[in-house]
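Report on the following structure.
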Protein chains: 2
Amino acid sequence: MSVSKTAATEASKTRKEAGEGGSEHALQMGELSELLGYLMKRAQLKVFEDFLRCVAPLQLTPAQFSVLLLVDRNPGRNQTEIANTLGILRPNFVSMLDNLESRDLCMRMRSTNDRRSHILVLTDKGRAVLARAKKLVATKHEARLNELLGPANRTALLAMLTKIAAEF
Amino acid sequence: MSVSKTAATEASKTRKEAGEGGSEHALQMGELSELLGYLMKRAQLKVFEDFLRCVAPLQLTPAQFSVLLLVDRNPGRNQTEIANTLGILRPNFVSMLDNLESRDLCMRMRSTNDRRSHILVLTDKGRAVLARAKKLVATKHEARLNELLGPANRTALLAMLTKIAAEF
DNA sequence: TAATAATTGTTATTGACCATATCAAATATT
DNA sequence: AATATTTGATATGGTCAATAACAATTATTA
């Protein structure tokens, strides 16, 4: 089982092999393959990757999509409220909105009640893009998860992630 | 220096939780609460937060912990091999090792076979810290997941994350 | 009402993280 | 021997996350 250090170093010189990416022997993952954070991070990166692929025609990141969703569902809210709900810090939300506004997906409107705040509204184009994005996400992205896990497991996974996000 | 990690966790107390605070009504999350990427990212952040808390006495990030684990389990491997396995780019792995080496947790040794490469080895202190870290992770971090989900669900979650990380 | 505090959006800045190009030394290939 | 590839390293740019600070506005309170 255990390999001596000299044998291991010897082995390191031996190989070049055809395979995926790494041309060496696979390393022992050890307890890494049971480490929640490691698996979660790896999975999350894959999910974001796939999201970007699926919604690439619309040039929307996951964060941008979530902003459009939330603004659409919550008319009359200001920047701070939207940003807080998404866990985005207010300073960092500014450039994000600048981007969406420059692409005519979203608009800042001065509130009549409180002239400090900007009420956020989707433009017609913003609503149209959001609708197309939702369709792409549902038919390509989330559908992929269904194929991989099955509907029951998918539901279970989302429930567990929700619980972790809320109570961990 | 390098208190940025603790500073970040300290700052989490300042951060307002999404949808909390009795003054404002909670926003409608809409299909956000069913969006895989959103939930995954939120959950992942919580998990990393908790990991940092649990292993704070040892001042190890999840990434550093994974490096120690992998080096320990794979004696005789060089930087490229370890970095590749963890999905870390070689240039970015350099400063990471500089850090671990400066803390006397890890050592670079010139290979006798190939004088270009650095064989990575844990120091005695590195092995000791790793052992303590493993214990903290098991008894505080992963145990927390068990309490939250139960053993069966925890196993199911890890399996699904593994599948997503591998096949998505 | 006047003075003070708090809030909103914003700018500036910093540090962490990810990615690419490039380099010298060493090794592999031709 | 000449050329190509690999390894660790440096430099650099981009994206995020986080903090401090500021002007305009609103809320508080003395």
Side-chain angles (χ1 to χ4, degrees), chain A residues 9 12-17 21-24 41-42 44-45 48-49 52 59 61-64 66-67 76-84 86-101 106-120, chain B residues 1-16 18 21 23-24 41-42 44-46 48-49 52 59 61-64 66-67 76-84 86-101 106-120:
Chain A
T9 28
S12 74
K13 109 182 178 180
T14 63
R15 220 22 38 194
K16 114 167 274 195
E17 176 121 349
S23 45
E24 327 85 21
K41 177 76 177 186
R42 278 300 182 100
Q44 186 258 312
L45 289 175
F48 268 40
E49 237 177 71
L52 289 173
Q59 286 285 97
T61 68
Q64 290 169 334
S66 68
V67 170
R77 299 300 189 140
N78 64 23
Q79 298 185 193
T80 303
E81 291 169 318
I82 299 290
N84 276 344
L86 291 175
I88 303 173
L89 292 170
R90 280 45 85 201
N92 299 330
F93 195 48
V94 173
S95 62
M96 226 175 136
L97 274 184
D98 288 346
N99 182 348
L100 294 177
E101 210 173 15
C106 183
M107 274 178 56
R108 294 183 239 225
M109 291 170 42
R110 300 223 85 97
S111 165
T112 54
N113 303 327
D114 187 339
R115 290 176 40 202
R116 289 170 297 185
S117 54
H118 289 167
I119 298 306
L120 297 182
Chain B
M1 242 47 113
S2 171
V3 256
S4 55
K5 282 301 180 298
T6 50
T9 35
E10 284 277 3
S12 68
K13 79 167 187 231
T14 314
R15 198 185 309 158
K16 298 180 180 178
S23 52
E24 309 159 346
K41 177 75 177 186
R42 278 302 183 98
Q44 185 258 310
L45 288 175
K46 282 295 186 89
F48 268 39
E49 237 178 71
L52 289 173
Q59 286 285 97
T61 67
Q64 290 170 334
S66 68
V67 170
R77 298 301 189 142
N78 64 24
Q79 298 185 192
T80 303
E81 291 169 319
I82 299 291
N84 277 343
L86 291 174
I88 303 172
L89 291 171
R90 279 51 81 203
N92 299 330
F93 195 49
V94 174
S95 62
M96 227 175 134
L97 275 184
D98 288 346
N99 182 351
L100 294 177
E101 210 173 16
C106 183
M107 275 178 56
R108 296 182 238 224
M109 291 170 40
R110 302 224 84 98
S111 165
T112 54
N113 302 325
D114 186 341
R115 290 176 39 202
R116 290 171 296 186
S117 54
H118 288 166
I119 299 306
L120 296 181

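In the text below, chain A, chain B and the rest are named by the order of the sequence lines, each starting its count at 1.
- Here B:Arg116 does not reach the OP1 or OP2 of C:dA25: none of its side-chain N or O atoms lies under 4.0 Å away.
- Taking atom CE of residue A:Met96 and atom C1' of nucleotide C:dG9, one finds them 16 Å apart after rounding to whole Å.
- Atom-to-atom, CZ of B:Arg42 to P of D:dA17 comes out at 11 Å; the value is rounded to the nearest Å.
- Atom P of nucleotide D:dA24 and atom CZ of A:Arg90 are separated by 23 Å, given to the nearest angstrom.
- Side-chain atoms of A:Glu101 come within 3.5 Å of backbone atoms of A:Arg108 as a donor-acceptor pair (strictly under, hydrogens ignored).
- Heavy-atom nearest nucleotides on DNA chain C were determined for B:Pro91 and for A:Arg110, and the one closer to the 5' end corresponds to A:Arg110.
- In this structure, CG of B:Asp98 is placed 13 Å from P of D:dG8, rounded to the nearest angstrom.
- Residues A:Met109 and A:His118 have side chains not in contact (no heavy-atom distance under 4.5 Å, counting atoms from C-beta outward).
- Between A:Leu97 and B:Leu89, the one whose closest nucleotide on DNA chain C sits nearer the 5' end is A:Leu97.
- Residue B:Asp114 is classed as a sugar-phosphate contact, given heavy-atom separations below 4.0 Å to backbone atoms only.
- For A:Arg108 and C:dT10, the shortest distance from a side-chain N or O to OP1 or OP2 is below 4.0 Å.
- Between the side chain of B:Arg115 and the backbone N or O of B:Asn113 there is no donor-acceptor pair closer than 3.5 Å.
- In this entry the distance linking CZ of B:Phe93 with P of C:dC18 reads 13 Å, nearest Å.
- Annotation: of the two residues near DNA chain D, A:Thr61 and A:Arg115, the 5′-most nearest-nucleotide partner is A:Thr61.
- Contact annotation: B:Ser117 does not reach the phosphate of D:dT6 (side-chain N/O to OP1 or OP2, under 4.0 Å).
- Between the C1' atom of D:dA9 and the CD atom of B:Gln79 lies a distance of 9 Å, rounded to the nearest Å.
- Between the NE2 atom of B:His118 and the P atom of D:dT6 there is a distance of 18 Å, rounded to whole Å.
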- request: Decide side-chain contact (heavy atoms from CB on, under 4.5 Å) for A:Val67 and A:Gln64; before the verdict, give the C-alpha distance in whole Å, the side-chain angles of both, and the deciding distance to 0.1 Å.
  value: CA-CA 5 Å; A:Val67 170; A:Gln64 290 169 334; 5.6 Å; no
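- Spacing between atom CG of A:Leu52 and atom P of D:dT15 amounts to 13 Å, rounded to whole angstrom units.
- Between B:Asn78 and B:Lys41, the residue whose closest nucleotide on DNA chain D is further toward the 5' end is B:Asn78.
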- request: Decide side-chain contact (heavy atoms from CB on, under 4.5 Å) for A:Cys106 and A:Leu97; before the verdict, give the C-alpha distance in whole Å, the side-chain angles of both, and the deciding distance to 0.1 Å.
  value: CA-CA 8 Å; A:Cys106 183; A:Leu97 274 184; 3.9 Å; yes
